[in-house]
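What follows is one structure encoded as structure tokens, with my remarks underneath.
In what follows, every chain begins at residue 1, and chains take the letters A, B, ... in the order their sequences are listed. Keep in mind that the numbers below use all heavy atoms, side chains included, and drop hydrogens, waters and symmetry copies.
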Amino acid sequence: MISSNPFGDFRAACNAALSEAFLKSFPDIPIETFLLEIPSNLEFGELTSPVFFELAKKIPGIEPRKLADKVANEVNTGSFPLLKAAKAAGAGYVNFYVDFHKLCELTIESTRILNKTYGFVKTEEAKTIIVEHTSSNPISPIHIGQARNPILGDALAHLLEARGHKVFRHFYIDDVGRQTAVVAYGYKVLGQPALKGKSDHDIGAIYSITSCISEIHRLKRAIKMETMDSETLQQLRNQQEEWDPIAAELEKKHPRLFKKLSQKLEQTKDIENMVNDLNRNYEEGNEEAKKLIRKVCQISLQGIRQTLTNAEVYFDSWDWESDLIWNGSVTGILEELKKSDYVFQRGPVLEFDADRVAEDLLLKKKIGVKDDYEIPSLTLIRGDGTTLYTTRDISYTLWKFKKANKVINVVGMEQLLPQQQLKLALWALKHNKQADNLTHFAYSLVTLPGYKMSSRRGRYITFDEVIDESQKRALEEVEQRSPHLSEKEKHQISKVVGLGALKYALVEVDPAKPVVFTWERVLNLKGNSAPYIQYTYARARSILRKAHEKPKQPNYSLLDEPLEKDLVLGLARFPEIFIDSADNLKPNAIADYTNTLAEKFNSFYNSEPVVKVKPIELRDARLALVEATSIVIQNSLWLLGIVSPERM
RNA sequence: GGGCUCGUAGCCUAGUCUGGAUUAAGGCGCCGGCCUUCGGAGCCGGAGAUCAGGGGUUCAAAUCCCCCCGAGCCCGCCA
């Protein structure tokens, strides 16, 4: 007999037994559901129910413990094979004890048979889900401040897929907007040269420098104008003082490029206007503008794709923002919105009254804001007729809902307001179902101590550099620890371990919490890290290789050591952990679980011999346990996009 | 000014949604042990926390409510 969720089966048995017993003891008292939780200590059983404290209130004059005693006595363990005993304890608990030998056999055999699918309990409500993630601007490389996005997005996609949903991973190419026009303009004045370095890095440099020079030009011109008061003038001067050192930094970093771009841009009287024209032309579908901006984005994307491939993050679809404009869907949505009564004109600008939508349709609570909080309005169309990011995102979102019934946007927490406005726009358009099924998976950004990253200012550490460094450090470790391995093997291992360490460091923490990036954090090879878990896997596999043969005659009732019991319980609980992690979008729970499991396994094999132990029935039971553990580690690391190496 | 998020040993985190058991769980770092025994990226042990602070609800609070302090972010015709 096998089970897709051994501990879940035990939980179900406890629940049924408890309901039955309670019904016998107190037929008149209706019970909703029994809370069953994992007790602090194994002496209190494998599951415990504290509900008698609550229930005692409903029955006058009875103490929780008395109630627990009465119910515990009525529990009929005979009809539930996994349930060995139920005992009242403490001030009013009923503790449930599992038949360990049965659970043990069920867990280990299920794991070995289900193998790469063990733990991945399928949902009964399979959906088609689009996970949109990363979507970094095609104007600069992905930097470490953004790197949490692909890691989290990929882990979410794995989780949902394993849960039985149909998942599509989408990258939204944000090619519309001023920033692409800036870099395209810089690229154009350079004469559209072939690039020598990694393309996204080169485009990123052109972007920062063009943006910086343009900003300084604008400020200089503004300062020359005499029609302003001294306060405004001072503000402009302050801004200029901010940009001057940035220019110096960029010049130092890219001397030749900086010199060339400055010379070329010197000839442009008003860079800002040229950029704005280019942006407008692009939106209008002007062929020359299309050719130029698409080219620059393609070049940059080539590098970004390379980075993501190195990180082993893949996409099913690359969606161009500009397509939504050119095919008329943005205009269509705007027309619809205008009919909705929630848009208004403010001078030349079209605004969306997000607050009134929320008020009228009673949505404030639903989107998580207080009743008296006034949601700022959203600008839909600029004075010059061009659209804004969130405007376009409305039609992108509806496009995604044509292909899926649930959409998860992996977007930084700082974009909470536009994501709320977007949702409200869907309600204003009467797309209630879509609004309800749109999830903003918000996470905090990665920061560097004492350093403010900014693509526009050219101040960032790229994801590429961090991957390289992490893998380089891993290689040094492999060279030192496993000199006997072939060069090829050493390289393969260091790739997997270096990348694993990086991913783990970014996925391990609750997404709501900020991560401060330090090398110490990523390059941790000891406890609570991917290398620690990977090492545990490699050791387990090594033991299995040493045994030469598959366990043939395991007798699971010989597994009686506390360390064995603890490990088996860990394996049995994996499916429940997985379900919670997938349904509540908590990839960090998997990281935490896997690390704990690795600790249990390390303790086990350090004190209990496996290969050489006698009798053979015990040896085989332990071998099967080792095999099962290796499977669960591999499966859970897979969810996080981390590879388990056979050796390291 | 308004809003969102976070605050747990020197440092990094789990637990908070759904309140439960006289020791608040891990990791890093620190101190002390373990290699003629399946790979020491390991194992075992130790020291280290009034769960930011104050009040409240409860038989029971890191967890729920109120107040307050501190940090980050948002409130743009940027994305």
Any idea which of [options] is nearest the [X] side chain?
| X | options | value |
| --- | --- | --- |
| A:Pro376 | B:rC75, B:rA14, B:rC28 | B:rC75 |
| A:Leu416 | B:rG27, B:rU37, B:rC4 | B:rC4 |
| A:Met413 | B:rU5, B:rG39, B:rC73 | B:rU5 |
| A:Thr379 | B:rG26, B:rA41, B:rG76 | B:rG76 |
| A:Asp510 | B:rA14, B:rC59, B:rC75 | B:rA14 |
| A:Ala512 | B:rG27, B:rC6, B:rC78 | B:rC6 |
| A:Glu414 | B:rC73, B:rC4, B:rC28 | B:rC73 |

Whole-Å [atom1] distance, [N] and [M]:
| N | M | atom1 | value |
| --- | --- | --- | --- |
| B:rG45 | B:rC59 | C1' | 38 Å |
| B:rA60 | B:rA24 | C1' | 15 Å |
| B:rG70 | B:rC64 | C1' | 23 Å |
| B:rG48 | B:rU37 | P | 36 Å |
| B:rA62 | B:rC17 | C1' | 14 Å |
| B:rA49 | B:rA41 | P | 32 Å |
| B:rU63 | B:rC73 | C1' | 25 Å |
| B:rC67 | B:rG2 | P | 12 Å |

Whole Å only: how far is the [atom1] atom of [X] from the [atom2] atom of [N]?
| X | N | atom1 | atom2 | result |
| --- | --- | --- | --- | --- |
| A:Leu597 | B:rA14 | CG | C1' | 16 Å |
| A:Glu63 | B:rA60 | CD | C1' | 15 Å |
| A:Gln421 | B:rC78 | CD | C1' | 13 Å |
| A:Asn595 | B:rG15 | CG | C1' | 15 Å |
| A:Lys370 | B:rC74 | NZ | P | 20 Å |
| A:Lys600 | B:rA25 | NZ | C1' | 11 Å |
| A:Glu37 | B:rG15 | CD | P | 15 Å |
| A:Leu350 | B:rG76 | CG | P | 17 Å |

Give one of base, sugar-phosphate or nothing for [X], where a contact means two heavy atoms less than 4.0 Å apart.
| X | result |
| --- | --- |
| A:Leu388 | sugar-phosphate |
| A:Arg521 | sugar-phosphate |
| A:Pro64 | nothing |
| A:Tyr389 | base |
| A:Glu608 | base |
| A:Arg65 | nothing |

TODO: Would you mind telling me which residue lines up with the more 5' stretch of RNA chain B, A:Asn41 or A:Gly177, judged by nearest nucleotide?
DONE: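 With A:Asn41 and A:Gly177 compared, the 5'-side residue is A:Asn41.
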- [ ] Identify, between A:Pro609 and A:Glu520, the residue whose nearest nucleotide on RNA chain B lies closer to the 5' end.
- [x]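 This one resolves to A:Glu520.
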Open item on the list: Quick check for you: to the nearest 0.5 Å, what is the distance between A:Trp320 atom CH2 and A:Ile173 atom CD1?
Closed with: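 Between atom CH2 of A:Trp320 and atom CD1 of A:Ile173 there are 4.5 Å.
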Open item on the list: Let me confirm one number: the CD1-NZ distance from A:Ile375 to A:Lys364, rounded to the nearest 0.5 Å.
Closed with: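 One finds 5.0 Å between CD1 of A:Ile375 and NZ of A:Lys364.
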Modelled atom types, side-chain donor and acceptor of [X] and [Y], under 3.5 Å:
| X | Y | answer |
| --- | --- | --- |
| A:Thr48 | A:Asn95 | yes |
| A:Ser377 | A:Asp353 | no |
| A:Gln146 | A:Ser136 | no |
| A:Arg392 | A:Thr387 | yes |
| A:Asn602 | A:Tyr532 | yes |
| A:Tyr504 | A:Asn528 | yes |

TODO: Decide whether a cation-pi geometry holds between A:Lys87 and A:Tyr97; the criteria are a distance under 6.0 Å from NZ or CZ to the six-membered ring centre and an angle within 45° of the ring axis.
DONE: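 Cation-pi check for A:Lys87 and A:Tyr97: passes.
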- [ ] Please determine if A:Arg218 forms a cation-pi arrangement with A:Trp243, meaning its NZ or CZ atom is less than 6.0 Å from the six-membered ring centre and no more than 45° off the ring axis.
- [x]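 No.
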Task: Parallel, tilted or perpendicular: rings of A:Phe517 and A:Trp519 (30°, 60°) - done: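 Taking A:Phe517 first and then A:Trp519, their aromatic rings stand perpendicular (interplane angle over 60°).
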At less than 4.0 Å, is any side-chain N or O atom of [X] found next to OP1 or OP2 of [N]? Yes or no.
| X | N | result |
| --- | --- | --- |
| A:Arg545 | B:rC38 | no |
| A:Ser542 | B:rG39 | yes |
| A:Lys364 | B:rG3 | no |
| A:Lys513 | B:rG72 | no |

TODO: Check for a donor-acceptor pair, side chain of A:Ser444 on one end and backbone N or O of A:Val515 on the other, with a separation under 3.5 Å.
DONE: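 No; zero donor-acceptor contacts below 3.5 Å.
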TODO: Going by the side-chain hydrogen bond (donor to acceptor under 3.5 Å, both in side chains) test, name the single residue among A:Asp319, A:Asn409, A:Thr390 that passes it with A:Tyr396.
DONE: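 Exactly one pass, corresponding to A:Asp319.
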Which base sits across from [N] as a Watson-Crick or G-U pair, both distances under 3.5 Å?
| N | result |
| --- | --- |
| B:rA62 | none |
| B:rA52 | none |
| B:rA47 | none |
| B:rC73 | B:rG3 |

Open item on the list: Between B:rA21 and A:Phe44, is there a base-stacking contact, meaning the centre of the base's six-membered ring lies under 5.5 Å from the residue's ring centre while the planes stay under 30° apart?
Closed with: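 The base of B:rA21 is stacked with A:Phe44 (centres under 5.5 Å, planes under 30°).
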- [ ] Confirm from the modelled atom types if A:Asn95 and B:rA21 form a donor-acceptor pair under 3.5 Å, side chain to base only.
- [x]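 Per atom types, the contact qualifies.
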Task: Pair of N/O donor and acceptor under 3.5 Å linking B:rA21 base with A:Thr48 side chain - done: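 Between B:rA21 and A:Thr48, which were checked side chain against base, a qualifying N/O pair under 3.5 Å is present.
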Open item on the list: Going by the glycosidic torsion and a 90 degree boundary from 0, is the base of B:rC35 oriented syn or anti?
Closed with: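 Nucleotide B:rC35 adopts syn.
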TODO: List the steps, then state whether side-chain contact (heavy atoms from CB on, under 4.5 Å) holds for A:Asp393 with A:Tyr172.
DONE: CA-CA 10 Å; A:Asp393 207 10; A:Tyr172 187 39; 4.2 Å; yes
- [ ] For RNA chain B, find the residues of residues 475-486 of chain A with a heavy-atom distance under 4.0 Å and give them by number; none if there aren't any.
- [x]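 When residues 475-486 of chain A is checked for heavy atoms under 4.0 Å from RNA chain B, the hits, listed by number, are A:Val478, A:Arg481, A:Ser482.
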Open item on the list: Using a 4.0 Å heavy-atom cut-off to protein, can you give one letter per nucleotide of nucleotides 42-49 of chain B, 5' to 3': B if the base is in contact, S if only the sugar-phosphate is, - if neither?
Closed with: SSS-----
